[in-house]
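Just so we're on the same page: letters track the sequence lines, and every chain starts at 1.
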Amino acid sequence: MINNEPQITPELVASHGLKPDEYERILKLIGRTPTFTELGIFSAMWNEHCSYKSSRIHLRGLPTKAPWVIQGPGENAGVIDIGDGQAVVFKMESHNHPSYIEPYQGATTGVGGILRDVFTMGARPIACLNALSFGDPSHPKTRHLVSGVVAGVGGYGNSFGVPTVGGQVRFHTRYDGNILVNAMAVGLADVDKIFYAAASGVNMPIVYLGSKTGRDGIHGATMASAEFDDDSEEKRPTVQVGDPFAEKLLLEACLEIMDAGCVIAIQDMGAAGLTCSAVEMGAKGDLGVDLDLDSVPTREQGMSAYEMMLSESQERMLMVLKPEKEKQAEAIFRKWGLDFAIVGSTTPSKRFVVKHGGDVMADLPIKELESEAPLYNRPHVPSPQLPVIQARDVAPPLPVVDALEKLIASPELCSKRWVWEQYDHVIGGNTVQRPGGDAAVVRVEEGPKGLALTVDVTPRYCEADPFEGGKQAVAEAWRNITAVGGRPLAITDNLNFGNPERPENMGQFVGCLKGIADACRMLDFPVVSGNVSLYNETNGRGILPTPSIGGVGLLDDFTKSASLAFKAEGHPILLIGDTQGWLGQSVYLRDICGREEGAPPPVDLAAEKRNGDVVRGMIHAGTATAVHDVSDGGLLVALAEMAMASGIGAALDAAAAAIVPHAWWFGEDQARYIVTVHEQDLLSVFTKLKAVEVPCIQIGLTGGHEIAIAGERAVHIKSLQHGFESWLPDYMATKS
Amino acid sequence: MKSAVLVFPGINRERDMARALRLVSGREPAMVWHAETSLPEGTDLVVAPGGFSYGDYLRCGAIAARSPVMNAVRAFASDGGLVLGVCNGFQILCESELLPGILMRNARLKFICHDVHVRVERSDTPFTRGYNAGQVIRVPVAHGEGNYAADEDTIRRLEGEGRVLYRYCSPSGEVGDTHNINGAAQSIAGIINERGNVLGMMPHPENHVEDIMGCTDGRGLFAGLVAHLGRAA
C-alpha cells in the first residue's frame with residue numbers, strides 16, 4: 001500500500017456518509033484501517049442508494065414471480081416473456097437530487113442511466129416513460145425546473161432515438177425543495193439472448209467500454225443518500241453530464257458484440273461507476289476481480305485511484321469478454337469510435353484488488369462488499385388513520401359545470417401536451433397510441449403484438465393512507481393497461497420517500513410497500529425491477545410518499561386496442577364499477593373546496609380484477625368503442641377527456657338520486673371505467689355484465705359538441721379544450 | 001427502386017426509413033455506413049435519414065456532410081441521381097451544399113414533435129408525383145432545428161423557380177404565421193435543388209405510411225418515387 005493518501009479520521013469517515021458503527025463494521029471485516037481508496041469503495045457500496053440498507057428488509061415482501069417472469073429484481077432490469085421467443089426488459093429509476101441541482105443534466109443522465117440498464121441486458125430500447133413531480137407552480141424555482149427537466153428528458157431520448165411515449169407530471173408544494181424525476185425504459189430482446197452481470201470463468205479479461213473516465217459525478221450516489229439543505233447548490237459538481245450521442249454509439253456497439261457472441265457478462269457503470277459494476281460482476285459470479293487502473297481510459301490527467309473508482313462519468317460499460325473474441329470485439333468498438341481497454345481479469349481469489357501505478361490501492365473481500373452491507377430494520381410508525389369524509393358534509397362552492405371548467409384547467413388535470421410535444425414520441429414508427437391516453441401502445445416490431453405502457457401513482461392518497469395508496473398505485477397501472485386492451489404482466493417500482501431515519505417516513509414506506517405487495521399478488525402483477533430513493537427531504541420536510549409504478553402489459557393484436565376518444569355520435573355511454581361518491585382526498589375537494597383532507601378511496605382489489613377483466617373482454621370482443629378509466633377528478637373529468645380527445649360531445653343523465661351531484665361527478669371511487677358501445681350491443685352487454693355481477697349503468701349518449709348534463713348548463717367542447725390546453729403553456733410563458 | 005440509406009453515427013431514424021421504403025417499394029434498401037467511399041452498384045435513390053448525426057454538437061449535419069460517403073453522394077447527385085434528405089438528412093444536404101440555405105433553431109427554441117399539415121406545391125416532380133398540386137398532407141415533425149433560412153436572393157430564386165415543394169399550412173391549406181411551426185422562411189418545409197433531383201424536407205413522411213398509424217399521407221412521396229423510377233428503368 002502507498003502511504004501518501006489522506007489519513008483516515010472520524011471526520012473523513014463521516015464525510016463519506018458512513019456512520020461510526022458502519023465504520024466499525026468495516027474495521028471488523030478487513031481487520032485493519034482501510035486505505036483512502038478503500039474507504040471510498042465502502043462508502044460507494046454501503047450508501048443507501050447502492051445497498052438498499054433501510055429498504056431491503058421490506059422489499060423481500062414483494063411478489064416477484066410469475067410463469068412469465070424470466071428475471072426479477074436484482075439484475076440491471078427485469079425481464080418478462082411475451083411469447084414467440086421475445087422478452088421485454090424494463091426498469092424505472094430516479095434521478096431526483098441531481099435534477100434539482102442541475103435540471104437539464106440531471107434529467108438527461110437519469111434517462112441515459114435507465115436506457116443503459118436496459119440495453120446492458122441485450123435489449124434494444126423501444127420506449128421511454130417518466131414520472132415528474134414538481135413543486136407548487138407559485139414556487140420561484142418551479143418554472144425553471146420544469147423547463148430544464150423537460151428539455152433534458154427530451155434532449156437525451158430524442159437524440160438517442162427512443163420514443164418517449166408516456167408519463168405523469170404533477171405539481172405539489174411538498175416537492176418544492178426536492179423534485180422527482182423518475183425515468184423508465186422498455187426494451188425488446190430475444191429470450192435466448194439475455195445478458196447478465198454475473199462473471200464466469202477464471203482469468204477472463206475484463207474490458208472497459210464506452211466513454212472516458214473523468215472527475216464528474218464523484219460521490220453522486222452518496223449525495224443521493226443524504227437530505228438536502230440550503231447549501232445543496234454547492235453539490236453541482238457532483239452532477240454528471242450526459243452525452244446521448246456516445247450512448248447511441250454504445251448501444252449499437254454493445255448489441256453488435258453481443259450478437260457476435262463476444263460477451264460472457266456485462267454491467268453498465270451507473271451509480272458508483274467502476275466500483276459498483278466490478279464488484280457486482282465478481283460477487284454475483286463468485287469470483288475475484290483484479291483491476292489495473294493504469295489501463296482505464298481517462299479524460300483528465302493525474303486522476304487518483306480514489307477518483308477513478310468513484311467517478312460517475314456516463315456512457316461506460318464493463319464486460320467480461322470471451323478471450324478468443326478479443327480482436328473481433330475491439331474492431332467493433334473501434335468502428336463505432338469508442339474506447340475499448342482491457343482493465344483487469346477475473347480471479348479465483350474472491351478478492352477485489354485495485355492496482356494503480358504499480359501499487360495495490362485496495363484489496364477487499366468482494367462478496368462481503370455486497371453481502372455484508374449494513375441492513376437496518378428502522379423504527380417505523382403507522383400513519384394516523386384519517387376520517388372518512390361524507391359527501392353530504394361537503395358543500396359545493398360552485399355549480400357542477402363551473403367546477404369542471406376549473407378542474408380541467410388546473411395544474412393537476414390540465415393537458416400536459418406542452419411537455420410531451422418536446423419528446424419525440426413517434427420515432428421507431430411503432431407508437432400506435434401516443435401520449436395523452438390511459439396507456440401508450442407500442443407495436444412490437446412488425447406486430448401483431450403490442451405493449452401497453454403506463455406510469456402511475458397518486459401521492460396524496462399515499463400520504464393520507466400509505467397502504468391504500470400503495471394498492472391504488474398498482475391498481476391504477478393495471479387499470480390503465482386494461483383500458484387499452486392490454487393484459488397486465490408486470491411492474492417496475494420506483495419508491496420515492498423521505499428520510500428513513502424518521503419513523504413516520506419509514507412508516508409510510510412500510511405501509512405503501514404492503515399495499516403494493518397486496519395489489520401485485522391479487523392482480524397477478526409481479527414486481528420485476530425497481531429502485532428506492534430515500535432522503536427526498538429538504539430542511540427536514542419530506543416529499544409526499546411517491547411510489548411510482550411502471551406497468552407493462554401485452555396485447556396479442558395491437559390493432560384491437562381501445563382508446564379514450566369517443567368514436568361516433570349515438571353511442572350509449574356506460575359506467576362500469578360501483579360509485580359511492582368518495583370525496584376524501586379527491587382533486588375536487590382539494591382544488592375546488594380548498595381541503596386536502598380525509599381518507600382516500602379504498603381499493604377493492606377483487607372488484608378491480610373483476611371489472612377490469614370484463615372491460616378487457618369487451619375490448620377484445622370488439623364491443624367497446626371507447627374506453628377510459630375513471631381516476632383523478634372523477635367521472636365528469638373522465639367524460640370531458642373523452643369528448644375533448646374526439647370533438648364529440650355527450651348528453652348525460654342527471655346524477656344518481658342517492659348521491660349528491662358533486663360527489664357523483666367528482667368522487668374518485670376506484671375500479672371504474674367509462675365504456676361506449678354500439679346501440680345494438682347494449683342489451684347483450686347488460687346481460688353479460690349482470691351475469692358476472694359487474695355493476696354497469698348507462699349514463700348518457702355521445703353526440704353533439706357539448707357536455708350537456710340534464711338540468712345543468714351545457715358547455716362546448718371547444719371551450720373546455722381551451723382551458724385544458726392553455727394552463728401549462730400559459731404558465732410556462734409567464735416570466736417568473 | 002434500389003435505394004440506399006446512409007448511416008452516420010448518431011442517425012436514429014434509419015430503421016423507420018428502411019421500413020417505409022420496404023413497405024412501399026417492396027424492396028429492402030441497402031444500409032450504407034458513413035465511412036464507405038462508394039454507393040452500392042445500381043443505386044437509384046439515396047436517402048439521408050433523420051437523427052442526430054455526431055450528436056449535432058456542431059451545427060446540425062456539419063460533420064456528417066464531411067463524411068467519406070458524401071463524396072459519393074455528391075457525384076451521384078451530379079449525375080442526376082435522386083437524393084432525399086429528411087430532417088437531419090435535410091440539414092446534412094444543406095451543409096453538403098447540395099441544397100441552399102440552412103436550418104436554424106426553431107423560432108420558439110423548443111424541440112417539437114407533433115403532426116403538421118403541409119401543402120404540396122407541385123406534383124410534377126419525382127418527389128411529389130404521388131400527390132396532387134395543392135393537396136394538404138398530414139405528417140409528423142420531430143426537430144429542434146427546422147427553421148429554414150437563406151439569403152433573400154436564394155429565397156427569391158427558390159420561389160421563382162418553383163423549388164419549394166412542401167410548405168407548412170393549416171388543415172385546409174392556408175399558409176401563414178399561425179401555421180408556420182418553426183418560423184421557417186416562407187413557411188418552407190421542403191425544397192429541391194436547381195436540377196430537381198435533390199429534396200430536403202423537415203417532416204417525416206416515413207412515419208405515416210401505415211394504416212395503423214392513423215394516417216398514410218406520407219406514402220405518396222415514396223409511391224411517387226417508385227412510379228418515377230419504375231418508368232425511368
Inset, instruction - Identify which of A/Glu421, A/Arg434, A/Lys248 forms the greatest number of heavy-atom pairs closer than 4.5 Å to chain B. - result: A/Glu421
Inset, instruction - Go through the atoms of B/Asn106 and report whether side chain, backbone, both or neither lie under 4.5 Å from a heavy atom of chain A. - result: neither
Legend entry - Minimum heavy-atom distance A/Thr431-B/Met213, with the two atoms named: O-SD, 3.5 Å
Legend entry - Nearest-0.5 Å distance, CZ of residue B/Phe52 to CZ of residue A/Phe245: 12.0 Å
Legend entry - Close side-chain approach of A/Asp424 to B/His204, heavy-atom, < 4.5 Å: no
Legend entry - All ring pair (Phe, Tyr, Trp, His ring centres under 6.0 Å) counterparts of A/Tyr104, not counting sequence neighbours: none
Inset, instruction - Tell me, for B/Pro9 versus chain A, whether the close heavy atoms (under 4.5 Å) come from the side chain, the backbone, both or neither. - result: both
Legend entry - Region of B/Glu210 in contact with chain A, defined by heavy-atom distances below 4.5 Å: side chain
Inset, instruction - Against chain B, work out which of A/Glu446, A/Glu252, A/Glu247, A/Gln433 has the most heavy-atom pairs shorter than 4.5 Å and name it. - result: A/Glu446
Legend entry - Heavy atoms of other groups near A/His722 NE2, more than 12 under 6.0 Å: no
Inset, instruction - Return the minimal non-hydrogen interatomic distance between B/Asn12 and A/Ser159, and the atom names on each side. - result: ND2-O, 2.9 Å
Inset, instruction - Report, as yes or no, whether the 6.0 Å neighbourhood of atom NZ on A/Lys560 holds more than 12 heavy atoms from other residues, nucleotides or ligands. - result: no
Legend entry - Max heavy-atom pair count under 4.5 Å with chain A, selected residue of B/Ser53, B/Gly10, B/Pro140: B/Gly10
Legend entry - Other residues, nucleotides, ligands: >12 heavy atoms within 6.0 Å of A/Arg334 CZ: yes
Inset, instruction - Give the member of A/Asp243, A/Leu249, A/Val432, A/Thr559 that has the highest number of heavy-atom pairs under 4.5 Å with chain B. - result: A/Asp243
Legend entry - Parallel, tilted or perpendicular, as decided by the 30° and 60° cut-offs, for the rings of B/Trp33 and A/Trp336: perpendicular
Inset, instruction - Report the option among A/Gly161, A/Gly154, A/Ala151, A/Ser147 that has the most heavy-atom pairs separated by less than 4.5 Å from atoms of chain B. - result: A/Gly161
Legend entry - Qualifying residues under side-chain hydrogen bond (donor to acceptor under 3.5 Å, both in side chains), relative to B/Glu28, sequence neighbours excluded: none
Legend entry - Minimum heavy-atom distance between A/Glu445 and B/Arg19, given as atom pair plus value: O-NH2, 3.0 Å
Legend entry - Heavy-atom side-chain contact between A/Ile427 and B/Arg15 under 4.5 Å: no
Inset, instruction - Would you check if B/Ile112 and A/Gln422 make a side-chain contact, meaning some heavy-atom pair closer than 4.5 Å? - result: no
Legend entry - Approximate separation, where rounding is to 0.5 Å, of B/Cys113 SG and A/Asn158 CG: 7.5 Å
Inset, instruction - Can you tell which part of A/Arg443 gets under 4.5 Å to a heavy atom of chain B, answering side chain, backbone, both or neither? - result: side chain
Inset, instruction - Select one option (side chain, backbone, both, neither) describing which atoms of B/Tyr54 are under 4.5 Å from chain A's heavy atoms. - result: both
